[in-house]
Structures are given as C-alpha cells and as structure tokens.
Amino acid sequence: MITAQAPKVAVVGGGLAGLAAGCALSDAGFRVTLHERRGFLGGRASSYQHPSTGEVVDNCQHVLLGCCTNLLGFYQRIGVVDKIRWYDQLTFLEPGGRASQIEASWLPAPLHSAPSFLRASCLEFKDKLAIARGMMALAPGAPGESGESFLQWLQRHGQTERAIERFWKTILVSALNEDLERISVPYAMQVLRESFLKSATAGHMGVPGVPLTELYDAAGDYIRHRTGAVKFRSSVESFRAEPSHVKLGTTDGEAAFDYVVLALPFGMLTRILPETSAADPLRQSLARFETSPITGIHLWFDRQITDLDHAVLLDRTIQWMFHKSRLLRRGDASYVELVVSSSKSLVERSRSDIVELAMRELQEFVPEARRANLIKSTVIKEVHATYSPRPGIDLHRPHPETVWPRVFLAGDWTATGWPATMEGAVRSGYQAAEVVARVAGLSDASYVLPDLPPKGLMRIFY
Ligand SMILES: Cc1cc2nc3c(=O)[nH]c(=O)nc-3n(C[C@H](O)[C@H](O)[C@H](O)COP(=O)(O)OP(=O)(O)OC[C@H]3O[C@@H](n4cnc5c(N)ncnc54)[C@H](O)[C@@H]3O)c2cc1C
C-alpha cells in the first residue's frame, strides 16, 4: 500500500528504462511521477500516427529474443506478454529468391541449429566449416576487452568472405547496429553466446503483434494504478541535488522529489547536467559515446506480395523484411517494413532515392513485388538510433549511482552488460530501481531477473 508519506521519486524519460524503473519503484512503495517530453510512451521503441501516410507506424520494427528475460518479465508484469508472436524459424533470402531456413532441431545446444545450417544453400561447405570453427572458439566465453574489432577477430579465425558477409555480418549488424570493424569482441560474443549457442529457446524470435506504443501504454497504466502519475509533454531541463531532496526544473515549473532517476539518452543527459565540477567525470564519460543510425522503409502495396511474415535479405542494402500487415493481422494487401541497420550510407540520401533503391532490391527477393502497385511509402531515419558498441566503450558506461546521493541513472547505454536493446533498457531501469529502493530503505529486493540457464553441452561453459 502506497501512503501519502511514501517517498516521492521522479523518473525522467518514458522509454523502456524509465518505464521499467517506474513500475518497479511503484511496486516497492514509492510515489512515482514519470516525466516524458513527448506525448506518448516507449521512447525509441514507440509508434505514432504518421502525418503524411495517415497510418500508425512503429518508429522502427523491434524484435526480441527468448534470452531477453527482463524484457519478458516486464511484459508479464504489465500484462502484455500475450501480444508477442514467437517464431522458431528464420528465412534467409538470396537475391533471386532462393530461401534457406535456419531452425532448431532435437540436438543439444550449441548444436541445435546445426542440421538446418548444414542444409542452408546460401553458404558453401567451406563457409560452414569456417563458421563452425568460429562458433567453437566463441562458445567457452569472452576474453576481456583487448581493443580488437570483431572483423579483425573473424579474419584471425580464418573466416571466408562469404561467411563474413552472409552470416556474421547479417546477424551482428542487425543485433548491434554497427559495422563489424567497429564492434568490440566481447559485445559480439555476448550476442552470439546468449542468443545463438546457449539454447534453442534463447534464440526464438519475438515480434510485437500490436503497435509499440500500445504495448508500452500498459506500463503507464501500471504506474497510475499504483498512485503514480505520468506527465506527458513535460520536459526536464535541469536538476539541483540538495542533501534532503532533488529539485527538478521542468517545462511545468519546479518540483522537489526525494529521489530522481534520469532515464534519458546520453546526449540529453549531457544537456541537463549542472555546470559544476562534480559533474565533470560523468560529462567526460558521456562525451566518449557515439551513435549509429537505423533506417526503416515502409511500403504499402495494393496486394499481398509474399506469404512470409519476415525474412533476412542477403547481399543488398536492405537487410530485413517485416511483413507488417501479416504481423499485425491488418488487411489482405501487403504493408512491408524494410530495415537497414548501421545505415550510414542512407543518412544523407533523399527519401525518394531510398524508396527507389528499396523497391528495386525488394523485387530481387520477392518477384511478386514487381507486379504489385506501390500505394504509399515513407522512410523513417533514426540517425542516433543506438550507441556504437566500439572497442573500449564499456569502460565508460556508468552504473546507476552518481556523485549526487539522491540522483540515479538508467538507459540502454548504462552499465548493464547488454548492448543497446529493449532488454538492456529494462535491465537498466530495474538496476536503478534496486539501488533507489535500497538507499531509501524501502526494499532489498532484486528486480533484475537472471539470464536463461544454458542447455545441453553449453552447461560446460557457464
Ligand atoms: C530504429 C531503432 C530500431 C531498434 N530495434 C531494436 C530491436 O529490434 N530490438 C531491441 O531490443 N532494441 C531495438 N532498438 C533499441 C531500443 O529501442 C532501445 O535500446 C531502447 O528502446 C532504449 O530505451 P531507453 O529507455 O534507454 O531510451 P529511450 O527510448 O530513448 O527513452 C528516453 C525517453 O526520454 C525522453 N526524454 C528525452 N529528453 C527528455 C527530457 N529532457 N525530459 C523528459 N523526457 C525526455 C524521450 O522522449 C524518451 O521517451 C532499436 C532502436 C531504434 C532507434
């Protein structure tokens, strides 16, 4: 029961980090006020009515994996876990349309995908052998950060050009939103071990079956139902930490709280830090972060162009196709989103250029798209989509505690052990909530859920 005497905590930012922190703190007995600059929740994982098409679109397709234990726990907590559709098969399409399916078999981890992998026509035997060698080197676990990029690691481990292009790049550029030459080895290892090698369940792919904000609105309701408040279009512009409270300067005026969780992107956090020397070490850490873009190309056709729900697209600029009209169960004609991660080459290109390129490439994978008429389209460029997992950056990811005893940090870029993902954001929110609850003396509970257990032969390596 939350009483009027319960400590007051402000959570700044209504992305997944802020929502997870807000929900956990509501459960711990705090009076939570969540400030969100925009008019909707979800942050970088949100949907909105797109002005020129009139359609509700996700800012970009978001997928999760079975290994995202905290995100799934969060969905369970806010009551939306049944809105996720699960897939245990991935289709890799080559230009021309030839398909290879990767799926789990009865073999023990890490061999569960091996039979389908051996059948895959998009790779030759020598590529498969090289990949198997690479996976064996990865399975035991990560050496620490050495400054080496994952591309250098692959070259050192005898990977063929095709294995790099069609396998390693395909998986890691979309998982980590960065080019292989800019990805640190421990990040790549974490993704491959947690999602690919650990167990068949860990690698199942989940796709929201509703627009993203519909999913995350439930977290706002969760906070409100526990006497909290969600303030939209409330931008926090400054904070002042005092010994007994924290003063937030917001677009609605000034307000005092017992504790504050700043769940902001690092660029925004930099802007609101006080101009004092106490803030210098954090400011210097934040200055080390760089971002990488993602581009989503949304195409509406007058008919169904494929019966696939999604596919990985090889050897071209476009990397994934999500058949949104099927995923969202919306009508018979195809609405497709094509995703390009680490889309540096598209940032400066015009939207019409990008649609033309995407149409040309899509027709190579899906011949029916040549016969269909494109009714409308839009391109959404997220220029600062996620932080770049470069070698060395982990040293600069801060923990929730700050030099101000009542001010805490959350966000996908903080020290979670996970890359910039919805799972990483939720973990960061739970980590911050744990520390706030402990400092306030309200709870010693642990909110961060454990990772999935390793299965089969992978148990040897954990
Ligand atoms: C295009 C794209 C595709 C992605 N695809 C995937 C995917 O498939 N799978 C996956 O797991 N992850 C994906 N991600 C990453 C994932 O979206 C993020 O890691 C996660 O959503 C980050 O959550 P966050 O709460 O840390 O930050 P944010 O979502 O950025 O939340 C910060 C919030 O703070 C608000 N805010 C900013 N300034 C202020 C202020 N001054 N006052 C008040 N509020 C403020 C913002 O409006 C925002 O709502 C993708 C990201 C992008 C951009």
Side-chain angles (χ1 to χ4, degrees), residues 16-17 20 45 61-78 80-90 102-114 116-117 134-135 138-142 150 167-168 170-178 183-209 215 310 312 320 341 386 389 394 397 412-431 446-462:
L16 272 106
Q61 178 66 52
H62 276 63
V63 304
L64 59 136
L65 296 173
C67 57
C68 297
T69 50
N70 284 275
L71 181 62
L72 287 167
F74 177 62
Y75 288 160
Q76 196 88 49
R77 187 190 282 256
I78 62 174
V80 299
V81 77
D82 60 332
K83 308 249 187 274
I84 306 298
R85 291 188 203 300
W86 288 99
Y87 295 88
D88 51 14
Q89 189 181 66
L90 282 186
I102 301 292
E103 62 196 334
S105 68
W106 55 268
L107 286 177
L111 305 172
H112 50 283
S113 302
S116 63
F117 182 69
M135 285 295 189
L138 292 169
F150 197 59
F167 182 74
W168 302 106
T170 302
I171 291 175
L172 289 168
V173 172
S174 41
L176 291 169
N177 187 33
E178 191 47 284
I183 290 176
S184 90
V185 178
Y187 274 86
M189 283 196 172
Q190 195 262 2
V191 168
L192 293 160
R193 291 180 86 230
E194 286 304 309
S195 61
F196 234 76
L197 298 174
K198 201 174 202 181
S199 69
T201 314
H204 285 170
M205 186 173 88
V207 183
L215 208 58
H310 46 74
V312 179
W320 277 84
S341 295
T386 54
D394 249 25
R397 295 174 76 184
D412 61 355
W413 55 276
T414 61
T416 62
W418 274 68
T421 51
M422 297 187 286
E423 169 71 11
V426 169
R427 277 181 188 238
S428 78
Y430 284 168
Q431 282 180 187
S446 169
Y447 302 124
V448 178
L449 297 172
D451 292 337
L452 281 185
K455 289 281 167 71
L457 306 173
M458 282 305 283
R459 280 185 282 228
I460 305 166
F461 301 123
Y462 280 83

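Residue numbers count from 1 along this sequence. As the structure is a computational prediction, the values presented were derived from the model and not from experiment.
- Inter-residue side-chain proximity for Phe150 and Val191 is flagged as unmet; no heavy-atom pair is nearer than 4.5 Å.
- Ring geometry for His310 versus Tyr87: interplanar angle over 60°, hence perpendicular rather than tilted (30 to 60°).
- Taken to the nearest 0.5 Å, the NE2 atom of His204 stands 15.0 Å off from the CD1 atom of Ile84.
- Side-chain contact, Thr414 with Arg427: no donor N or O sits under 3.5 Å from an acceptor N or O.
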Test Glu103 against Leu90 for side chain to side chain contact (heavy atoms under 4.5 Å, CB included), laying out the working first.
CA-CA 7 Å; Glu103 62 196 334; Leu90 282 186; over 6 Å; no
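- Side-chain contact between Leu64 and Leu72 is present, with at least one heavy-atom pair separated by less than 4.5 Å.
- Although no hydrogens or angles enter the test, the distance criterion places a donor-acceptor pair under 3.5 Å between the side chain of Thr421 and the main chain of Pro419.
- Taking OG of Ser184 as the reference point, atom CD of Gln190 lies at 10.0 Å (rounded to 0.5 Å).
- In terms of modelled atom types and a separation under 3.5 Å, the side chain of Ser105 and the main chain of His112 share a donor-acceptor contact.
- Ring geometry, Phe196 versus Phe167: the interplanar angle exceeds 60°, so the pair is classed perpendicular (tilted spans 30 to 60°).
- Here the OG1 atom belonging to Thr416 is positioned 8.0 Å from the CG atom belonging to Asp394, to the nearest 0.5 angstrom.
- Counting all heavy atoms, side chain and backbone alike, Gln61 lies closest to Pro208 at NE2-CD, 4.1 Å.
- In this structure, CD on Glu178 lies 9.0 Å from CG on Leu176, to the nearest 0.5 angstrom.
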Side chain to side chain contact (heavy atoms under 4.5 Å, CB included) assessment of Met189 paired with Leu138
CA-CA 6 Å; Met189 283 196 172; Leu138 292 169; 3.3 Å; yes
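- Shortest non-hydrogen contact noted between Leu449 and Gly73 is CD1-CA, 3.8 Å.
- Side-chain contact between Ile171 and Val312 is absent, with no heavy-atom pair separated by less than 4.5 Å.
- Once rounded to the nearest 0.5 Å, the distance linking CH2 of Trp418 with SG of Cys67 reads 4.0 Å.
- Taken to the nearest 0.5 Å, the CG atom of Asn70 stands 9.5 Å off from the CZ atom of Arg77.
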